[in-house]
Amino acid sequence: MEPRYKRIVLKLSGEALAGEKGIGIDSNVVRMYAKQVKKIRDEGVETSIVVGGGNFWRGRDSKDMDRATSDYMGMLGTVMNALALQDALEQMGVVTRVMTAIEMQKVAEPYIRRRAIRHLEKGRVIIFSGGTGNPYFSTDTTAALRAAEIDAEVILLAKKGVDGIYDADPKLTPDAKKYEDLSYFEILSKELKIMDSTATSLCMDNKIPLIVFGIDNESNIYDVVMGKKLGTYVK
Ligand code: UDP
């Protein structure tokens, strides 16, 4: 079976890397994602990953700090996650490059669009870290931005604890209904809290399809790339 996509952006939230602990990094969970990323790469899919940082710090959560400073702390958290993921992938023999939106060249290379595309063409897995490099943005917006820049066919928004987009929070509303397909306009007009509105608008304006699916399972990332219908499709 051929993979459904040639070039993807996989968005992994910080929370997803924390596993059951909720904070920090659970190396078993990171290995589980890395294993699937390796399988995807081995199928010839040009794979890039945008990592979040919520397992360490979220800028908006600190009420008594300057927001921009707090956001920079959040961006630094994403770099730690990127390194953990890189380490797990390299232990499996996958060639990776971490790229940072904020320059720190002793740690990883700076994000340069043409270089990123070249890495993908050479079969290297890229891990985009440092968000967009700007405060007041999110790593979901980063996923949308990078997907547009590198001309990815799809964004895979892998979610922990939920398997798609619902019309209400399924944890609070037991009869919440899951959407099979949805438009970006509906996400905005129904105020569905799946991504922030900046990320949603960017995807909508650039016509980047999105799949929202659960990753509390050992093969969903791989299955989605191979074309299995999981979660919610957004166009
Ligand atoms: N962040 C930022 N600019 C960006 C991306 C991220 O300022 O372009 C900061 C922001 O404070 C955010 C934190 O980094 O709360 C971690 O990212 P995010 O909350 O998106 O991570 P996730 O929820 O996916 O783990």
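One-based numbering, in listed order, for ligands and for the atoms of each.
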I want to check something: taking the side chain as every heavy atom from C-beta on, are Ile150 and Ser48 in contact at a cut-off of under 4.5 Å? yes
For atom NZ of Lys178, decide whether the heavy atoms of other residues, nucleotides or ligands shown that lie under 6.0 angstrom number more than 12. yes
Classify the contact between Lys11 and ligand 1 as side chain, backbone, both or neither, using a heavy-atom distance cut-off of under 4.0 Å. side chain
Within a distance under 4.0 Å of any heavy atom of Gly52, pick out the atoms of ligand 1 and give their elements. 21 (O), 22 (P), 24 (O), 25 (O)
Determine, using heavy atoms of Gly77 and all atoms of ligand 1, whether some pair is separated by less than 4.0 Å. no
For residues 17-60, which residue pairs pass the ring pair (Phe, Tyr, Trp, His ring centres under 6.0 Å) check, not counting sequence neighbours? none
Does any N or O of ligand 1 fall below 3.5 Å from an N or O anywhere on Gly59, backbone included? yes
State whether the side chain of Thr200 and the backbone N or O of Tyr184 hold a donor-acceptor pair below 3.5 Å, judged by distance alone. no
Could you tell me whether Gly131 and ligand 1 have an N or O pair separated by under 3.5 Å? no
Of the protein's non-hydrogen atoms, which lies at the shortest distance from atom 5 (C) of ligand 1, and what is that distance? Ser138 C, 3.4 Å
Do Val9 and Val50 make a side-chain contact, defined as non-hydrogen atoms from C-beta onward lying under 4.5 Å apart? yes
Taking 4.0 angstrom as the limit and counting only heavy atoms of Thr132, give me the atoms of ligand 1 inside it, by number and element. 4 (C), 8 (O)
Could you give me the CA-CA distance, side-chain angles and deciding distance for Asp167 and Lys190, then say whether salt bridge (Lys or Arg N to Asp or Glu O under 4.0 Å) is met? CA-CA 8 Å; Asp167 60 356; Lys190 294 185 204 292; over 6 Å; no
Among protein heavy atoms, which lies nearest atom 14 (O) of ligand 1, and at what distance? Gly74 C, 3.2 Å
Heteroatom proximity flag, Thr139 to ligand 1, N/O under 3.5 Å: yes
Treating Ile, Leu, Val, Met, Phe, Trp and Tyr as nodes and any side-chain heavy-atom pair under 4.5 angstrom as an edge, say whether Val30 and Ile49 lie in one connected cluster. yes
Do any N/O atoms on Arg60 end up under 3.5 angstrom from N/O atoms on ligand 1? no
All N/O donor-acceptor pairs, side-chain side in residues 112-119, below 3.5 Å, sequence neighbours left out:
residue: Arg113; atom: NE; partner: Glu149; partner atom: O; Å: 2.7
residue: His119; atom: ND1; partner: Arg124; partner atom: NH1; Å: 3.0
residue: His119; atom: NE2; partner: Glu109; partner atom: OE2; Å: 2.8

For ligand 1, find out whether one of its N or O atoms is nearer than 3.5 Å to an N or O atom of Gly54. yes
Using a 3.5 Å distance criterion without hydrogens, assess whether the side chain of Ser129 forms a donor-acceptor pair with backbone atoms of Met99. yes
Is Tyr179 close to Leu192 at the side-chain level, that is, under 4.5 Å between some pair of heavy atoms? yes
Please list, in number order, the atoms of ligand 1 under 4.0 Å from a heavy atom of Trp57. 13 (C), 16 (C)
Ignoring angles and geometry beyond distance, decide whether Asn55 reaches within less than 3.5 Å of ligand 1 through its nitrogen or oxygen atoms. no
When you compare ligand 1 with Gly53, is there at least one nitrogen or oxygen pair between them that comes in under 3.5 angstrom? yes
Best match, Tyr136, Tyr72, Phe56, Phe137: closest heavy atom to atom 2 (C) of ligand 1: Phe137
Checking the side chain of Gln36 only, and the main-chain atoms of Tyr222 only, is there a donor and an acceptor separated by less than 3.5 Å? yes
Considering only heavy atoms of Pro135, which atoms of ligand 1 have at least one such atom less than 4.0 Å away? 7 (O)
Atoms of ligand 1 under 4.0 Å from any heavy atom of Ser13, numbered from 1 in the order shown, are 24 (O), 25 (O)
Give the residue and atom name of whichever protein heavy atom lies nearest to atom 9 (C) of ligand 1, and the separation in Å to one decimal. Asp71 O, 3.4 Å
Residue portion contacting ligand 1 (non-hydrogen atoms closer than 4.0 Å) for Thr142: side chain
Axial cation check for Tyr111 ring with Arg146, 6.0 Å and 45° limits: yes
For atom 3 (N) of ligand 1, which protein heavy atom lies nearest, and how many Å away is it? Asn134 O, 2.6 Å
